[in-house]
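The next block holds one structure in the form of structure tokens; read it before the comments.
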Amino acid sequence: MPFTLATWNINSVRLREPLVLKLLEEEQPDVLCLQECKSPVDKIPVENFRALGYPYLVARGQKGYNGVAVLSKIPITDVGDMDFAGLGHARHVAVKLENGVTVQNFYVPAGGDVPDREVNEKFGQKLDYLTEMRDWFHAERPEKAILVGDLNIAPREDDVWNHKQLLKIVSHTPTEVDHLAQTQDAGGWVDITRQDIPEGLLYSWWSYRARDWSGADKGRRLDHVWATPDISNAAHSSRVLRDARGWEKPSDHAPVFATFDL
DNA sequence: ATGGTTGGAATCCAA
């Protein structure tokens, strides 16, 4: 049975409810993982999602910031959340599908502007968050699992529009890339998107500040789909729905899709 | 080297 999953930093699920509905209607993923919902869980607009055939929601939320949600056509169970780096933020939730697959949905801290933990506390928190993720995966040894989300790091040279120019820009510094690699290794995670699309520039985020985001195309691949080898060994395919970045009142992130033959 | 945009809550912070 093919199983399609999408991950999307929505940048306010209440403001962009119409965009979520458009995506569900047009693309029909089985499971949609959202980040930056910026809403308490009880204020997420579930009615219209339900009407479109997505009756299941598992989420963590807080007022104004952060927030993660899993919307599903198929039954999912809430299997908890983690609060890495002691931030008290709603940045993670995990669900289990009926076939035994676990889906981990993450929103890693952005890390502020200056890539130095001595002068920018947020950068330190981002690194600590990744280190605690690493330690958790080292202890838990995930199996039959998929990890998605806005990891706020573009690890490869071809995950950014200009590698050299971004080496000191938060999201592409060698320190962050190293922390992300350690987190990935600790869980034995396979980068599904890059296994499916191994060559060429690939982005999932374009700044709102660009005059012409598509023409300039100064993007970064911040949104990821990983899986454990028992899942990645099955056939799979991936794509980034770049079009969604051009929708009316868009999120600055595009959804990333993966389909697995499970 | 700088400023550019957006969302949410409160007149600024985070991204």
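Chain naming here is simple, since letters A, B, ... match the order of the sequence lines and numbering starts at 1 in each.
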Any salt bridge linking A/K122 with A/D113? Criterion: basic side-chain nitrogen under 4.0 Å from a carboxylate oxygen.
no
Inter-nucleotide P distance (B/dA15, B/dA9), Å rounded:
15 Å
Could you pull out the protein-nucleic contacts involving nucleotides 2-6 of chain B (nitrogen or oxygen on both sides, under 3.5 Å)?
from: B/dG4; atom 1: O6; to: A/R209; atom 2: NH1; distance (Å): 3.1
from: B/dG4; atom 1: N1; to: A/R209; atom 2: NH1; distance (Å): 3.0
from: B/dT5; atom 1: O4'; to: A/Y208; atom 2: O; distance (Å): 3.2
from: B/dT5; atom 1: N3; to: A/R209; atom 2: NE; distance (Å): 3.3
from: B/dT5; atom 1: O4; to: A/R209; atom 2: NH2; distance (Å): 3.4

Step through it carefully: locate the ring centre of A/Y203, locate the ring centre of A/W161, and say whether they are under 6.0 Å apart.
no
Just checking, A/K22 and A/W247: is the charged tip under 6.0 Å from the six-membered ring centre and within 45° of the axis?
yes
At under 4.0 Å between heavy atoms, what does A/R91 touch on the DNA or RNA strands: base, sugar-phosphate, or nothing?
sugar-phosphate
Can the ring centres of A/W189 and A/F137 be said to be less than 6.0 Å apart?
yes
Nearest nucleotide by nearest heavy atom, which residue falls closer to the 5' end of DNA chain B, A/A110 or A/R14?
A/R14
Under 4.0 Å between a side-chain N/O of A/K122 and OP1 or OP2 of B/dA14, yes or no?
yes
Side chain to side chain contact (heavy atoms under 4.5 Å, CB included) with A/L151: which of A/H224, A/Q184, A/R221?
A/H224
When the C1' atoms of B/dG7 and B/dT11 are compared, how many Å lie between them, rounded to an integer?
15 Å
Salt bridge A/K144-A/D230, side-chain N to carboxylate O under 4.0 Å:
no
If you measure from the C1' atom in B/dA14 to the same atom in B/dA10, how many Å do you get, rounded?
14 Å
Roughly how far apart, to the nearest Å, are B/dT6 and B/dT2 at atom P?
23 Å
